[in-house]
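Residue numbers begin at 1 in each chain, while the letters A, B, ... track the order of the sequences. Here the structure is a predicted model, which is why all the values come from computation and not from measurement.
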Amino acid sequence: MTDPTITLEIFRYHPEQDETPSFRRYEIPYREDWVVLDAINYIKDHIDGTLAYRWSCRMGVCGSCGMMINGTPRLSCAAFLREYYPNPVRVEPLANFPVERDLVIALDDFMHKLREVNPWLIRAQERPLSDGEYRQTPDEVAAYKQYSMCINCMLCYAACPVYALEPRFLGPAAIALAQRYNLDSRDQGRSQRQAVLSSEDGIWDCTLVGECTVACPEHVDPAGAIQRAKLASTINWYKRVLMPWGGR
Amino acid sequence: MTGPYRRPVPSTWWLHNRAYFLFMLRELTSVFIAAYVILLLILLYRLNAGRDAYESYLRFLGAPGMVIFHVIALAAALFHTVTWFNLTPKVLVVRVGARRVPAPIIAGVNYAAWVVLSALVAWIVLRG
């Protein structure tokens, strides 16, 4: 009896020689306990050393190995071959990003957007070190904890059709991260983030498709974060316009 | 050397995935609702214009094509309402102490308000 095999169809693009990308098929041994990343590592080690892709921890922590697997954005370290076997597995770089090489996408746009929302604690006036740490109750931590679990894997951007059609859109992870700091009781930087959040390319671009939340491996629920930011932004606006003493 | 490759987004992107398709369907419902609102505004205008104008418009609305349109518009409104109510727990995060109020309760309050208001409208319309 021959050992079982599985076919991977992998997106290949080498900018030095290829005008357009193509798919290459690799037949490799099938192991029930292998994830797609194991299969790609096998190909790299035994069949084709020129294959380029990103990975690091292989345990769903680093967020480096996101890929389109049969058209769905997933961490390739968390997608088991047995979910697809005996059918072939089609592996592509994360959708909606420019492709540098094979399965490697360009991160520049995402990195720029993350920085734009000032994702750190902002204080109107820093307390001197001698006053000790900023304390929080468990309830205050619970208010933002979910949004702090993001691993920057960018699956949510690959799942978002708004980002596909409107690449200027700030996008799910960056807005969820802004919301994470806005909801933090130690933070006072809401107004500094508001200009970016409520800009033309911010929260109001989102049409609530909701697929970012489906794609998120850390259950951050970026779609929920964006809708909550819309609600908070609207309430703020009404307060400012309708109440003379309202403001912030 | 060609540099980073940008994959084109096909105009049929919303047909590639069930969730995208349902999203587009939800967006499309707004067209039917907008058309219905226009018909309703014309109805008010005709009502103001006099009895003959109003009755001829009612005959127009009774035509089979118009009835079919209204059935589709009703289905569109129901689909939009249900999908939207199901999304409200995402927007409204209500905490009681440390616990977040469960999603079915938040959505349920919307459904309950919907039933009560619909019953009220039905009572006003049907009592005479």
With a 4.5 angstrom heavy-atom cut-off, which part of [X] approaches chain B: side chain, backbone, both or neither?
X: A/D221; value: side chain
X: A/A106; value: neither
X: A/P93; value: both
X: A/T213; value: side chain

Exercise for review: For B/R95 and A/D139, indicate whether the former's side chain and the latter's backbone hold a donor-acceptor pair under 3.5 Å.
Suggested key: no
Point to revise | Heavy-atom neighbours of B/Y36 OH exceed 12 at 6.0 Å | key: no
Exercise for review: Would you indicate whether A/R168, at its atom CZ, is surrounded by more than 12 heavy atoms from other residues, nucleotides or ligands within a distance under 6.0 Å?
Suggested key: no
Using side-chain heavy atoms (C-beta onward) and a distance below 4.5 Å, is [X] in contact with [Y]?
X: B/N17; Y: A/T72; answer: no
X: B/Y5; Y: A/P21; answer: yes
X: A/F11; Y: B/R7; answer: yes

Review point. At their closest point, which heavy atom of A/P161 faces which heavy atom of B/W13, and how far apart are they?
Key: CB-CZ3, 3.3 Å
Point to revise | Exercise: identify the closest heavy-atom pair between B/Y20 and A/C160 | key: OH-N, 4.3 Å
Study note, to complete from the structure: CD (A/E211) and CZ (B/R18) are apart, to the nearest 0.5 Å, by 10.5 Å
Revision key, fill the gap. dist B/K90:NZ -> A/L231:CG (nearest 0.5 Å) comes out at 14.5 Å
Check your understanding: Which bit of B/V91 comes within less than 4.5 Å of chain A, counting heavy atoms only: side chain, backbone, both or neither?
Key -> both
**Study point:** Heavy-atom contact with chain A under 4.5 Å, split by part of B/L22
**Key:** neither
Can you give the donor-acceptor pairs under 3.5 Å from side chains of residues 39-47 of chain B to other protein atoms, not counting sequence neighbours?
| unit_1 | atom_1 | unit_2 | atom_2 | d |
| --- | --- | --- | --- | --- |
| B/R46 | NH1 | B/A53 | O | 3.0 |
| B/R46 | NH1 | B/S56 | OG | 3.3 |

Of the listed residues ([options]), which shares the most heavy-atom pairs with chain B below a 4.5 Å separation?
options: A/L165, A/L208, A/V104; value: A/L208
options: A/I105, A/V214, A/V209, A/I226; value: A/V209
options: A/A95, A/P98, A/G224; value: A/P98

